[in-house]
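One structure is given here, and the rest of the page talks about it.
Each chain gets a letter, A, B and so on, in the order the sequences are listed, and its residues count up from 1.
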Protein chains: 2
Amino acid sequence: MDVENPPVPSAPTWARACTLQTPHGQIQTPIFMPVGTQATVKCLTPEEVQATGAQIILANTYHLMLRPGSELIDSFGGLHAFMRWPGPMLTDSGGFQVFSLGHLRTLTEEGVTFKSHLDGSLHLLTPERGLQIEAELGADFVLPLDICSGYPCTPQEARQAMERTHRWALRALEAFTQRPHRPERPQALFGIVQGAFEPELRQESARFIGSLPFFGLSIGGLSVGEPKALMWELLRATTPALPREKPRHLLGVGSPEDLIMGIDLGMDLFDCVLPTRVARHGGLFTRRGRVNIKRARFRTEHGPVEEGCDCYTCRNYSAAYLHHLARAEEQLYYRLGSIHNLRFMLRLAAEARAAILAGTFPAFRDAFLASYVPASETAREEQRVKWLARMASRATSS
Amino acid sequence: MDVENPPVPSAPTWARACTLQTPHGQIQTPIFMPVGTQATVKCLTPEEVQATGAQIILANTYHLMLRPGSELIDSFGGLHAFMRWPGPMLTDSGGFQVFSLGHLRTLTEEGVTFKSHLDGSLHLLTPERGLQIEAELGADFVLPLDICSGYPCTPQEARQAMERTHRWALRALEAFTQRPHRPERPQALFGIVQGAFEPELRQESARFIGSLPFFGLSIGGLSVGEPKALMWELLRATTPALPREKPRHLLGVGSPEDLIMGIDLGMDLFDCVLPTRVARHGGLFTRRGRVNIKRARFRTEHGPVEEGCDCYTCRNYSAAYLHHLARAEEQLYYRLGSIHNLRFMLRLAAEARAAILAGTFPAFRDAFLASYVPASETAREEQRVKWLARMASRATSS
């Protein structure tokens with residue numbers, strides 16, 4: 001990895017622009033990674049995902065191991081070929097989903113046993129098994145199994161989870177080194193920093209994971225329900241303890257304002273279902289904040305959702321047409337909305353990169369945050385609870 | 001309209017190939033028209049619909065008058081501009097939907113009063129009002145309000161409905177002639193042949209409607225639950241009574257085998273939601289019949305759904321990937337399945353046209369029908385009942 005901007009000793013920002021090489025092409029950071037949970041970025045073809053400016057996507061190990069199964073995907077030449085994504089790809093560890101979606105979890109030193117949210121079948125995920133599944137999926141970047149604490153948790157629980165995550169990281173590194181050689185499918189392993197909601201633990205974890213021979217570092221366990229201010233405080237404590245020469249991935253974050261904040265705090269890679277999920281519920285990003293396309297004021301709006309936006313949706317359709325499709329629950333809306341929000345995130349990341357390279361990121365950040373009105377924490381929390389309830393009811397009914 | 005193949009006096013087929021001119025381009029028949037019920041061919045962009053070979057689409061007056069409203073669409077320059085469909089378009093009369101979706105209908109000589117299935121609001125549709133709405137929508141071809149009898153019905157009910165449809169046809173012609181002149185939006189009016197399930201009434205209606213100065217003729221009230229054999233018997237009685245020089249549209253038909261049968265019986269234009277609806281439920285067309293992509297046998301199928309198919313889906317994705325998406329209820333599946341089935345219908349229509357022009361349609365027809373196994377009537381009926389039940393439950397819950 002090359003860090004392209006010069007280090008600034010007394011930094012008004014930790015933002016940085018890097019270039020990563022992968023077997024499926026270059027990645028220029030900071031970058032947002034659309035999430036292709038079930039081997040598809042919801043509603044979109046790979047061509048459409050690429051047209052939003054996406055350079056790398058993330059897929060979920062938990063979902064894919066359950067359906068259609070990693071062996072099957074392997075037999076199709078891996079996930080790239082199965083879903084026809086030509087660029088770089090990252091698979092997560094499955095840990096977060098086991099804890100948020102799986103049922104009846106039993107956590108031991110060996111790993112975690114859980115019931116599938118699809119059919120109730122029992123599965124054991126260990127650091128070794130996780131990497132085997134990820135080898136079958138064949139992403140360029142893979143993550144080791146970790147333990148994601150819920151918010152809130154006690155400092156003692158946080159330490160226990162972190163220490164086990166560290167022991168699992170060592171086992172994962174060992175398994176990764178020992179795994180059968182597949183020269184056609186080179187992979188790079190990231191380490192996951194945990195430490196829950198304790199700044200000291202976050203630093204300890206950053207130093208420990210950062211000292212191991214991982215290719216990159218993912219910051220896990222944030223944006224899981226804690227207040228935003230706490231999340232930024234924890235990240236602020238973490239970044240200085242990370243090695244400068246490795247790519248840094250902020251797991252499961254986030255919204256447009258989170259992207260800018262995370263870049264400012266020295267993160268390179270971001271992933272989140274939020275842009276596509278809120279789009280499906282009517283929430284579309286604009287420079288001034290998120291708007292709800294279902295609102296009556298869009299009924300007669302001849303212009304696009306956002307004037308000047310270069311996405312396929314805004315270049316071609318009126319806000320009124322999107323309003324109509326969204327109200328009528330037409331599938332075309334989910335797609336046009338997803339395209340808009342992904343393009344918004346990827347254009348924002350590209351603009352941030354340009355500003356970093358030009359040495360003007362602090363001004364860019366301040367201008368963006370001054371004009372972008374974030375969705376309120378209450379609205380976010382309500383949405384999260386609604387989503388979890390729906391997932392739970394789906395799991396029960398299946 | 002030009003009929004391009006020479007008439008065959010003692011015809012082994014009534015199939016014909018024609019070219020229609022419209023303000024939005026030429027149509028080469030026989031052709032299948034994808035249905036864009038709510039100002040969108042479900043799941044697809046206009047570019048994708050065009051890529052399936054579609055030359056003309058149909059939109060539903062009933063749905064659009066209720067949501068978003070024809071005045072609104074008019075203010076956007078009509079339906080072409082609102083939904084961004086550049087080619088020819090036909091709007092139906094709303095009659096069929098009033099009778100199948102609307103609640104608490106009151107039918108008088110003036111028109112039909114019904115409650116919206118969306119919000120229970122009361123609406124009056126008359127032949128005059130229908131054409132006013134269709135003028136606001138701005139399709140190239142428009143249809144007058146008609147009465148569609150349910151199956152079965154008595155000969156007396158059939159005659160009453162037909163005679164009122166005829167009186168409404170005269171009123172529609174009068175209103176069409178008298179309507180405010182909008183030179184930027186030329187339209188052509190089709191007449192609708194009714195007569196329910198009585199061959200004599202069908203002939204009488206064909207002669208009457210055929211004698212009026214309509215641009216084309218739509219055959220209505222078929223494929224509404226009657227046995228297939230009866231439908232073909234009725235059409236066989238109708239065609240000879242139709243003027244040869246006008247385009248003939250078989251409303252709401254159909255499946256691949258229906259397309260071939262209808263072409264054989266002298267029809268030019270076809271429309272039906274079936275190809276896209278069955279696709280969304282997993283049913284995909286192949287030369288040998290409809291297959292269900294959710295079946296276990298597709299789980300490991302490396303090839304496309306149909307070998308040699310030139311649609312975007314088959315050119316790019318394995319049947320196994322479609323199987324996975326369909327099982328996971330991923331929206332990308334609905335789209336890929338719809339593309340495949342629409343392309344199947346449009347390629348079939350194009351092949352039929354080529355065979356007609358080459359003078360080989362009877363052999364083409366026989367070969368197709370010999371290899372294509374249609375979905376059983378039972379399966380069709382079950383699907384229809386399920387669909388009606390779902391629509392009813394939606395209407396109740398809204």
Donor-acceptor pair, side chain of A:R327 and main chain of B:P68, under 3.5 angstrom:
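No: the side chain of A:R327 does not pair with the backbone of B:P68.
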
Part of [X] within contact of chain A (heavy atom distance under 4.5 Å):
{"X": "B:H324", "answer": "side chain"}
{"X": "B:E47", "answer": "side chain"}
{"X": "B:S75", "answer": "both"}

Between B:K42 and A:E330, is a side chain to side chain contact (heavy atoms under 4.5 Å, CB included) present by the stated rule, with each step listed?
CA-CA 7 Å; B:K42 285 198 191 303; A:E330 280 286 351; 2.5 Å; yes

Reported [atom1]-to-[atom2] distance for the pair [X] and [Y], which is rounded to 0.5 angstrom:
{"X": "B:R84", "Y": "A:S318", "atom1": "CZ", "atom2": "OG", "answer": "11.0 Å"}
{"X": "B:I73", "Y": "A:Y321", "atom1": "CD1", "atom2": "OH", "answer": "9.5 Å"}
{"X": "B:T40", "Y": "A:Y317", "atom1": "OG1", "atom2": "OH", "answer": "8.5 Å"}

Take atom [atom1] in [X]; do more than 12 heavy atoms of anything else shown fall under 6.0 Å from it?
{"X": "B:R105", "atom1": "CZ", "answer": "yes"}
{"X": "B:E184", "atom1": "CD", "answer": "yes"}
{"X": "A:K294", "atom1": "NZ", "answer": "yes"}
{"X": "B:R182", "atom1": "CZ", "answer": "yes"}

Give, as side chain, backbone, both or neither, the part of [X] having an atom under 4.5 angstrom from any heavy atom of chain B.
{"X": "A:A39", "result": "both"}
{"X": "A:E48", "result": "side chain"}
{"X": "A:R335", "result": "side chain"}

Looking only at non-hydrogen atoms, find the nearest pair between B:Q331 and A:C43 and report the distance.
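Between these two residues, the closest heavy atoms are OE1-SG, 3.4 Å.
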
Considering only heavy atoms and a distance below 4.5 Å, find which of A:Y334, A:F76, A:Y312, A:Y333 pairs most often with chain B.
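With the most close heavy-atom pairs to chain B, the winner is A:F76.
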
Any non-hydrogen side-chain atom of A:T45 less than 4.5 Å from a side-chain atom of B:L332?
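Yes. Closest side-chain heavy atoms under 4.5 Å.
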
